[in-house]
Amino acid sequence: MDMVKRPRRLRGTTTLRKMVRETRMDKASLIYPMFVVEGKGIRHEIPSMPGQYHYSLDLLPAAFEEVVKAGVSSVMLFGIPDHKDETGSSAWAEDGIIQRALSAGKKYVPELYYITDVCMCEYTSHGHCGVLKGHDVDNDNTLPLLARTALSHVEAGADMVAPSDMMDGRVAAIRKILDENGHLETPVMSYAAKYASGFYGPFREAADSAPSFGDRKTYQMDYHNGKEGVKEALLDVEEGADIIMVKPALSYLDIIRRVSEAVQVPVAAYSVSGEYAMIKAAAMKGWINEEAVVCEAATSIYRAGADVLITYYAKELAKYMEEGRIG
Ligand code: PBG
């Protein structure tokens with residue numbers, strides 16, 4: 001056979017395959033999402049997300065320690081308050097659930113990096129991501145509430161804030177209030193290209209944040225659109241976003257690629273609750289090899305152009321990366 005080019009040559013041994021890998025990953029790029037609830041002694045498994053838990057404040061520091069032990073350096077916090085109202089006022093309360101989670105975290109596990117999700121949907125009685133005008137979310141009247149929430153998170157100890165509401169202009173509003181209050185160094189990670197997705201289903205059960213009427217399609221993006229994702233990313237960079245996020249991840253690898261080529265800031269991808277639940281459920285049924293699929297899915301997200309990965313499998317992935325199974 002007269003063949004000079006034989007691609008298989010570089011696949012001959014593990015050493016060689018690892019040498020020529022195109023995608024390199026590091027556990028330092030992982031962020032682990034966690035859910036905090038009111039109450040005492042609570043460490044309840046979330047039914048739609050086996051292996052993920054609701055933690056009350058007293059059990060949170062131990063959970064943070066487990067994250068550190070697993071080799072993950074950063075968490076993203078979601079709060080589920082007891083009190084909900086029309087405007088979501090417990091989102092910016094000084095003694096709100098996230099604010100208290102941050103003080104506990106900073107006090108007992110200061111080595112962890114704390115990012116908070118900034119949104120109204122867990123805090124509003126109607127479950128939408130802002131205040132209502134009729135049956136729709138009022139963009140401009142929601143901005144000051146998001147800004148106020150972001151500021152209260154930072155004042156309670158958040159190292160970074162991540163607005164996920166998809167209102168126009170919210171990155172600028174948050175940057176402005178943080179700067180005016182002297183928090184010049186606190187980065188904003190914007191959920192920039194966030195699609196209206198069926199993959200958020202398990203999260204909404206976990207966060208008790210499903211809208212009580214309608215859907216989120218007037219603010220989250222239509223999944224038929226790619227250019228629009230790039231537009232949102234570019235706008236948020238202009239408004240001062242330090243990191244741009246694409247969400248969900250697996251059905252949006254093309255968006256991750258396009259956004260990562262269009263912006264000059266790090267790109268994060270959020271592998272959301274539905275992605276986790278699908279892998280977990282199939283694994284529990286014995287239909288797939290969980291570790292193999294988790295590694296392959298995560299690698300595809302980095303290969304598409306993500307620099308940072310937010311995933312419920314962060315602890316497992318940190319181990320796989322550390323042991324050189326991927327990365
Ligand atoms: C809040 C928010 C959601 C998620 C992150 N922040 C839910 C939504 O937009 O409905 C989804 C995360 C996941 O599914 O893992 N707006």
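Just so it is clear, the model here is predicted, and its values are computed rather than measured. Whatever order the structure lists them in is the order used to number ligands and atoms, beginning at 1. For reference, positions follow the sequence shown, starting with 1.
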Nearest non-hydrogen protein atom, atom 6 (N) of ligand 1:
Asp117 OD2, 3.2 Å
With respect to Arg216, determine whether any N or O atom, backbone or side chain, lies less than 3.5 Å from an N or O atom of ligand 1.
yes
Could you check, using the six-membered ring where one of them is a Trp, whether Phe78 and Phe35 have ring centers closer than 6.0 angstrom?
yes
Using a strict 4.0 Å cut-off to heavy atoms of Ser164, name the atoms of ligand 1 that fall inside it.
1 (C), 2 (C), 6 (N), 16 (N)
Would you call Tyr312 a ligand 1 contact, heavy-atom distance under 4.0 Å?
yes
Residue, atom name and distance, where the atom is the protein heavy atom closest to atom 12 (C) of ligand 1
Phe203 CD1, 3.3 Å
Any Lys/Arg nitrogen of Asp165 or Arg170 sitting under 4.0 Å from an Asp/Glu carboxylate oxygen of the other?
yes
Could you walk me through whether Asp85 and Ser89 pass the side-chain hydrogen bond (donor to acceptor under 3.5 Å, both in side chains) check?
CA-CA 7 Å; Asp85 60 27; Ser89 63; 2.5 Å; yes
Contacting atoms of ligand 1, where contact means under 4.0 angstrom from a heavy atom of Lys247:
2 (C), 3 (C), 4 (C), 5 (C), 6 (N), 11 (C), 12 (C)
Provide, to 0.1 Å, the distance between atom 14 (O) of ligand 1 and the closest protein heavy atom, together with that atom's residue and name.
Ser273 OG, 2.7 Å
Could you list the atoms of ligand 1 found under 4.0 angstrom from a heavy atom of Tyr200?
8 (C), 9 (O), 10 (O), 11 (C), 14 (O)
Under-4.0 Å salt bridge between Asp236 and Lys231:
no
Closer than 4.0 angstrom, basic N to acidic O: yes or no for Glu261 and Arg257?
yes
State if Met166 counts as touching ligand 1 under the rule of any non-hydrogen atom under 4.0 Å.
no
Here's one to test your reading of the geometry: is the NZ or CZ of Arg43 within 45 degrees of the ring axis of Tyr55 and under 6.0 Å from its centre?
no
among protein heavy atoms, the one nearest atom 2 (C) of ligand 1 is Lys194 NZ, 3.4 Å
Does ligand 1 come near enough to Arg204 that some N or O of the ligand is less than 3.5 Å from an N or O of the residue?
yes
Identify whether the distance between the nearest side-chain nitrogen and carboxylate oxygen of Arg175 and Glu239 falls below 4.0 Å.
no
I need the atoms of ligand 1 closer than 4.0 Å to a non-hydrogen atom of Tyr270, numbered in the order shown.
12 (C), 15 (O)
Show the atoms of ligand 1 that are less than 4.0 angstrom away from any heavy atom in Cys121.
1 (C), 16 (N)
Answer yes when Glu22 and Arg303 have at least one side-chain N-carboxylate O distance shorter than 4.0 Å, and no when they do not.
no
Please check if the distance between the ring centroids of His128 and Phe213 is under 6.0 Å.
yes
